[in-house]
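What follows is one structure encoded as structure tokens, with my remarks underneath.
Because the structure is predicted, anything quoted here is derived from the model rather than measured. Each chain gets a letter, A, B and so on, in the order its sequence line appears, and its residues count up from 1.
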Amino acid sequence: GAVVSQHPSWVICKSGTSVKIECRSLDFQATTMFWYRQFPKQSLMLMATSNEGSKATYEQGVEKDKFLINHASLTLSTLTVTSAHPEDSSFYICSAPDRAKTYNSPLHFGNGTRLTVT
Amino acid sequence: SQKIEQNSEALNIQEGKTATLTCNYTNYSPAYLQWYRQDPGRGPVFLLLIRENEKEKRKERLKVTFDTTLKQSLFHITASQPADSATYLCALNNNAGNMLTFGGGTRLMVKP
């Protein structure tokens with residue numbers, strides 16, 4: 001089945017540094033990928049929609065200059081948290097729609113990245 | 001305002017019983033509704049999708065119902081097992097795209 005690989009699974013960084021998270025579709029092409037953020041015991045909050053070959057679409061309240069998204073190929077989207085601060089510590093998860101469909105399509109999720117900013 | 005509500009309290013049941021989880025929504029007109037399973041520290045895994053014109057969907061020990069009048073979906077796990085312990089999320093969309101909005105999830109604990 002369709003697999004989405006996310007790397008790294010966890011990262012600890014110092015305040016003020018930048019962190020890049022990669023999301024790859026391993027056996028299918030994903031023109032669209034979604035980036036979510038999840039706080040403990042809370043639901044997934046959509047941050048942005050990554051579109052291959054064009055600019056990402058950000059949800060209201062998400063700073064595009066802080067959360068840089070690049071979708072340079074049909075199998076790779078990256079999220080860079082710039083100038084990270086402790087409040088950016090969270091669980092970040094990417095997903096891509098099933099390759100067989102676009103409408104009504106289930107999402108395939110990566111296993112998430114636990115970011116801790118000290 | 002739009003809301004997707006799942007019981008935030010954990011559901012504890014005995015192995016072998018049927019677990020029933022509820023998803024209620026307001027101010028949405030979803031074309032379809034999905035259920036996912038999420039284990040701690042992992043990404044969600046898709047389980048079932050049900051369309052607005054479907055009343056019920058089954059997959060092995062799983063059953064989902066969708067009542068667009070009550071604006072509610074029920075998720076059932078029959079003959080529950082300890083391995084079914086996880087958080088279950090419902091998600092729905094309100095337009096033609098793939099942008100899903102997730103409920104807060106309900107944690108299920110199945111005791112042996």
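A:Leu44 touches chain B through backbone and side chain together, each having a heavy atom under 4.5 Å away. Contact annotation for B:Gln6: neither backbone nor side-chain heavy atoms come within less than 4.5 Å of a heavy atom of chain A.
Counting heavy atoms of neighbouring residues, nucleotides and ligands inside a 6.0 Å radius, atom NE2 of A:His7 does not exceed 12 of them. Counting non-hydrogen atoms of other residues, nucleotides and ligands closer than 6.0 Å to CD of A:Glu87 gives a total above 12. Residue-environment remark: NZ (A:Lys66) exceeds the threshold of 12 foreign heavy atoms within 6.0 Å. Applying the 6.0 Å contact sphere to CD of B:Gln14 captures more than 12 heavy atoms from other residues, nucleotides or ligands.
Smallest separation of non-hydrogen atoms from A:Ile93 and B:Gly43: CG2-CA, 4.3 Å. Minimum heavy-atom separation, A:Ser43 to B:Gly104: CB-CA, 3.5 Å.
Side-chain atoms of B:Gln38 and A:Gln38, non-hydrogen and from C-beta on, do get closer than 4.5 Å to each other.
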Please walk me through it: do B:Thr101 and A:Leu46 pass side chain to side chain contact (heavy atoms under 4.5 Å, CB included)?
CA-CA 8 Å; B:Thr101 302; A:Leu46 180 65; over 6 Å; no
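To the nearest 0.5 Å, atoms CG (B:Leu100) and CG (A:Leu107) are separated by 4.5 Å.
Taken together through direct or relayed side-chain contacts under 4.5 Å among Ile, Leu, Val, Met, Phe, Trp and Tyr, B:Leu74 and B:Leu21 form parts of separate hydrophobic clusters. If you chain together hydrophobic residues whose side chains sit under 4.5 Å apart, A:Ile21 and A:Val11 fall into the same group. Using a 4.5 Å cut-off between side-chain heavy atoms of Ile, Leu, Val, Met, Phe, Trp and Tyr, with links allowed through other members, A:Leu68 and A:Val81 fall into different hydrophobic clusters.
A donor-acceptor pair is defined here as one N or O able to donate and one able to accept, closer than 3.5 Å; no such pair exists between the side chain of B:Tyr36 and the backbone of A:Pro106.
Aromatic ring centres of A:Phe109 and B:Phe46: separated by at least 6.0 Å.
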